[in-house]
Amino acid sequence: MTHAHPGSSGTVGSVYDSGPNSVQNPLPTASSVETAKILAEVELPTISKGPIIRRPRMVAAVENLGLEARAVSRMQTIAEKYGRGPVMLALPGRKMAMVLDPDHVHRILEESPEPFATAETLKRHALKHFEPQVALISHGPERARRREVNEQLLDHQHPIHRMAEQFMPAVREEAQALLQQVDETGGSLDYSSYFKAWFRLVNRVVLGDSYRDDDELIELMETQRARGNWAFLRPVDTDARDEIHSRIDQAVSRAEPGSIAAFMKEMGASGDSETSREEDVQQIPQWLFAFDPAGMASYRGLALLASHQDRLEAARFQIEEEAQAEAPMLPLLRATVLESLRLWATTPMILRETTREVEFEHGVMPEGTTVLIFAPFFHRDEKNLDFAHRFSPEVWDHERTREEWPLVPFSAGPGLCPGRHLVLLLTSNFIAEIVGQRSIDLLSHDLEPGRLPGLLNNFSLKFHLSPR
């Protein structure tokens, strides 16, 4: 049994074996016109950018047209009219609700996976193209077991992964290789070069050093993720999916020292049965998938530092202070990545699906409802956050609690990203190698520190690096 959350009526839906009838006591429903505006201004730009893998041209269009800021504005208008909500959308044949209240964000994420399942229908259709047995789209005992595998291997509870000292040489070597390439091109750094260097590091950390240049696996993943953008509208290419799993299974079997694949074998995460082995291998594509937006976030983090010289100098001071550490903590650079994720969410739409009727203050949400948490609405709401459009790494100086405004770059609650600490460890140390050794100038954008844009197109960001 769960407790009542602040601001609630004192009784939450999860205390009921079977909730009140959502037909007799329904949540408010947006009008057809309002629903159309939400679909056009909030959901369509999110989908068009590519929910599973980004479409560069659409990202550019959304940035140029200011659609991300317009989406936040639309959500503010809906919240002003409907108050705490949630509000159901007027969609024929589909139950969908938008979350409007910060307390409800906390509640829904904390009460996952029951009654708010992470295995939402659209998400399952999207991810089945490359990881049908991943924890993220599992439920019940299967989810619990698969989630435990992820938490063990990614060292979920520790800011410094237990294998961090083994990862750091790869971080330094790949950053140095990138800097050498940049020097050879006259100091120019673009996203394509950064992405390739980043994924050479990712391949080494996850699979092993011999996979450093395994472009075929990256291409296979990208192709299947592109199919995932279309969810159930594209058939699953089972041959390509099986090839991904086969390659990853081989990496686990090889267990190259210093890789998470070796950690999987060492910890015995792969069970004795063939089914358990297959399930465990299918957790790894999710990590490769998630490291893509991590690369975007860290690259945008460079833009934040380049346009805020005082923060850059403070970060360099921390880098020098921790120069002797095998795996530096680098709190300001971690906060920079977190701010990049807050300002320009790489998972803008957090999805849940109700497993039964759930009571809210203003009505009952039906079973089988897709619940939409539009993170930019909460991250960039200047009506409630004075730092909404500023680079404010200080908001991450402490572990945020459920009593605070929901900033959820890695989600929250039982569905919290199990790899968040590993992502922050690798991204912070990778960009530390860059800014610690080079001066950095942002060439492609003019970021106004007091009013950062609603979206920053990572594909068009360009820098000039020069010796310090």
Side-chain angles (χ1 to χ4, degrees), residues 159 168 171-172 174-183 185-191 193-195 197-198 201 293-325 327-344 346 379 386-398 407 409 423-453 455-468:
M168 285 305 107
V171 172
R172 298 183 185 109
E174 296 308 331
Q176 289 304 313
L178 174 62
L179 290 177
Q180 181 176 347
Q181 178 186 345
V182 168
D183 291 344
T185 58
S188 176
L189 175 63
D190 60 21
Y191 187 66
S193 300
Y194 184 90
F195 177 84
W198 170 248
L201 166 61
M296 292 182 210
S298 60
Y299 193 65
R300 289 166 173 162
L302 288 177
L304 288 171
L305 293 170
S307 56
H308 296 79
Q309 285 294 315
D310 57 334
R311 303 291 192 178
L312 177 57
E313 290 308 315
R316 285 172 173 155
F317 180 75
Q318 286 187 353
I319 292 168
E320 292 172 2
E321 275 196 320
E322 298 189 54
Q324 301 307 312
M329 187 69 178
L330 304 173
L332 181 50
L333 290 180
R334 287 184 180 229
T336 296
V337 176
L338 286 165
E339 272 295 88
S340 173
L341 289 166
R342 176 185 70 82
L343 290 160
W344 306 296
T346 55
H379 291 183
D386 59 6
F387 57 84
H389 307 306
R390 298 199 312 267
F391 175 38
S392 301
E394 64 275 4
V395 304
W396 304 102
D397 285 347
H398 64 282
L407 304 178
V423 164
L424 294 174
L425 172 73
L426 296 178
T427 53
S428 62
N429 278 276
F430 191 68
I431 61 179
E433 293 293 320
I434 297 172
V435 301
Q437 300 180 52
R438 297 290 188 276
S439 294
I440 180 167
D441 295 301
L442 179 58
L443 301 179
S444 58
H445 291 66
D446 184 15
L447 296 185
E448 182 183 341
R451 183 76 187 186
L452 294 170
L455 180 63
L456 186 63
N457 180 6
N458 53 289
F459 299 105
S460 65
L461 278 178
K462 288 183 170 58
F463 300 91
H464 182 266
L465 308 186
S466 56
R468 288 187 60 200

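Atom set for the values below is all heavy atoms of this structure, side chains included, hydrogens, waters and symmetry mates excluded.
- The shortest heavy-atom contact between L304 and W344 is CD2-CH2, 3.6 Å.
- Between L343 and H379 there is no side-chain heavy-atom pair separated by less than 4.5 Å.
- Considering only heavy atoms from C-beta on, L305 stays 4.5 Å or farther from I440 through its side chain.
- Counting only heavy atoms from C-beta outward, the side chains of L333 and T427 never approach each other to under 4.5 Å.
- Summarising the geometry of L332 relative to A315, their closest heavy-atom pair is CD2-N, 3.4 Å, with the distance given to 0.1 Å.
- Nearest heavy-atom pair, S428 versus L425, reported as atom, atom and distance to 0.1 Å: OG-O, 3.2 Å.
- L447 has its side chain within reach of P453: a pair of non-hydrogen atoms, C-beta onward, lies under 4.5 Å apart.
- Between W198 and L178, every side-chain heavy-atom pair lies at or beyond the 4.5 Å cut-off.
- Between the CD1 atom of I434 and the CG atom of L465 there is a distance of 7.0 Å, given to the nearest 0.5 Å.
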R438 and D183: side chain to side chain contact (heavy atoms under 4.5 Å, CB included), yes or no, with the steps? CA-CA 10 Å; R438 297 290 188 276; D183 291 344; 2.7 Å; yes
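- Taking 4.5 Å as the limit, every side-chain heavy atom of S188 sits out of range of all side-chain heavy atoms of Q181.
- With hydrogens and angles ignored, the 3.5 Å screen pairs no side-chain donor or acceptor of D441 with any backbone N or O of F463.
- Minimum heavy-atom separation, Y194 to S298: OH-OG, 2.6 Å.
- For S444 (side chain) and K462 (main-chain N/O), a donor-acceptor pair under 3.5 Å exists by modelled atom type.
- Proximity of a side-chain donor or acceptor of E322 to a complementary backbone N or O of M329 within less than 3.5 Å is detected.
- Checked by atom type, the side-chain pair Y299/S340 shows no donor-acceptor distance below 3.5 Å.
- No donor-acceptor pair under 3.5 Å is formed between the side chain of H445 and the backbone N or O of A303.
- F430 places a side-chain heavy atom less than 4.5 Å from the side chain of L201.
- Looking at heavy atoms from C-beta onward, L461 lies out of side-chain contact with L302 at the 4.5 angstrom threshold.
- Inspection of the Q180 and Q176 side chains reveals no N or O donor paired with an N or O acceptor under 3.5 Å.
- Annotation: salt bridge (Lys or Arg N to Asp or Glu O under 4.0 Å) contacts involving residues 332-341, sequence neighbours excluded, comprise E339-R342.
- In this view, H308 and F391 satisfy the ring-ring contact (aromatic ring centres under 6.0 Å, His included) rule, not counting sequence neighbours.
- Expressed to the nearest 0.5 Å, how far CG of L341 lies from CH2 of W396 amounts to 8.5 Å.
- The two residues A294 and V423 have their closest heavy-atom pair at CB-CG1, 3.7 Å.
- Remark: side-chain polar atoms of R390 are not paired, donor with acceptor, to backbone N or O of P449 under 3.5 angstrom.
- The salt bridge (Lys or Arg N to Asp or Glu O under 4.0 Å) pairs that include a residue from residues 295-318 are R311-E394, E313-R316, where partners are two or more places apart or lie in different chains.
- Taking both residues in full, the closest heavy atoms of G295 and Y191 are given as C-OH, 4.1 Å, listed atom of the first, atom of the second, then distance.
- Between atom CG of residue L179 and atom CD of residue E433 there is a gap of 8.0 Å, rounded to the nearest 0.5 Å.
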